[in-house]
Amino acid sequence: APVGEGAVSQLVPVRRMAVEASAGPGAMAMDDRAVGIMGFDPAYLKSLGVPEKFLSLITVKGDSMEPVLSDGDTIMVDSRGGPVRDGIYVLRMDDALMVKRVAPVPGGRLSIRSDNALYPSFPDVAADAVQLVGRVIWAGRRLG
């Protein structure tokens, strides 16, 4: 069926937050107010398997996650929590908000890595030293 004006009104609004997650040394700003929304097809959100109330959009700042995430990218974050599994997460460590690749390691510890080899990785971090804000499940960017 063709997409018409009625379909647009059925889009699910996902909050776009004022906060930025650093893909670099770490953002200190913790402003968590919504500054807008982006609309998503409800069937697409359902395919992601995350209830909309747990979703938010934030902006990536920096290049430590290149080539997967770039400065200015918009990422969708699932804040439900749950067991940590390999993936990209927004996290708070030492009061800095970052986006990094996280994996569990033996002993209840975490490996925290940057995809860009120019930035440090932390292969063995105590889990209680890190607050996982949410798992990144979608990314969008402007081309050109």
Side-chain angles (χ1 to χ4, degrees), residues 1 3 7-144:
V3 176
V8 173
S9 66
Q10 296 172 9
L11 293 177
V12 176
V14 176
R15 296 169 302 137
R16 189 172 180 81
M17 308 306 286
V19 69
E20 293 179 332
S22 178
M28 300 305 283
M30 302 307 291
D31 190 349
D32 63 354
R33 49 189 176 91
V35 294
I37 60 167
M38 284 180 72
F40 287 84
D41 173 43
Y44 179 69
L45 289 182
K46 185 177 181 181
S47 77
L48 295 176
V50 181
E52 62 193 70
K53 69 181 181 179
F54 294 106
L55 297 175
S56 60
L57 298 165
I58 62 175
T59 302
V60 173
K61 183 88 172 147
D63 65 352
S64 75
M65 290 302 292
E66 288 276 1
V68 175
L69 297 175
S70 299
D71 186 54
D73 283 358
T74 298
I75 55 176
M76 184 182 294
V77 180
D78 168 6
S79 63
R80 282 179 302 177
V84 178
R85 58 186 206 263
D86 290 5
I88 298 174
Y89 287 81
V90 173
L91 58 98
R92 191 174 288 124
M93 192 164 69
D94 297 328
D95 291 326
L97 193 65
M98 299 179 242
V99 60
K100 299 290 178 194
R101 191 169 297 280
V102 177
V105 294
R109 299 177 71 80
L110 300 172
S111 166
I112 301 172
R113 298 185 335 238
S114 298
D115 282 357
N116 183 336
L118 297 175
Y119 288 84
S121 290
F122 308 95
D124 189 22
V125 176
D128 61 1
V130 178
Q131 178 192 356
L132 297 177
V133 174
R135 184 178 170 87
V136 176
I137 60 170
W138 176 91
R141 71 172 47 123
R142 178 185 169 141
L143 298 176

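No experiment lies behind these values; they were computed from the predicted model shown.
R113 has its side chain within reach of S111: a pair of non-hydrogen atoms, C-beta onward, lies under 4.5 Å apart. Residues Y119 and D63 are in side-chain contact: their nearest non-hydrogen atoms beyond the backbone lie under 4.5 Å apart. The shortest distance between side-chain heavy atoms of W138 and T74 falls below 4.5 Å. Annotation: side chain of L55 is not in contact with side chain of S79 (no heavy-atom distance under 4.5 Å). D71 has its side chain within reach of K61: a pair of non-hydrogen atoms, C-beta onward, lies under 4.5 Å apart.
The distance from the CD1 atom of I37 to the CE atom of M17 is 13.0 Å, given to the nearest 0.5 Å. Rounded to the nearest 0.5 angstrom, R16 CZ and T59 OG1 are separated by 4.5 Å.
The closest side-chain donor-acceptor pair between S64 and K100 falls under 3.5 angstrom.
The side chain to side chain contact (heavy atoms under 4.5 Å, CB included) search around S70 returns E66, D73, R141, not counting sequence neighbours. With sequence neighbours excluded, the residues that form a side chain to side chain contact (heavy atoms under 4.5 Å, CB included) with R109 are V105, D124, A126. Checked against salt bridge (charged side-chain N to carboxylate O under 4.0 Å, His left out), R101 has the following partners two or more places apart in sequence or in another chain: D115.
Under the 3.5 Å distance criterion, the side-chain polar atoms of D78 are matched with a main-chain donor or acceptor of R80.
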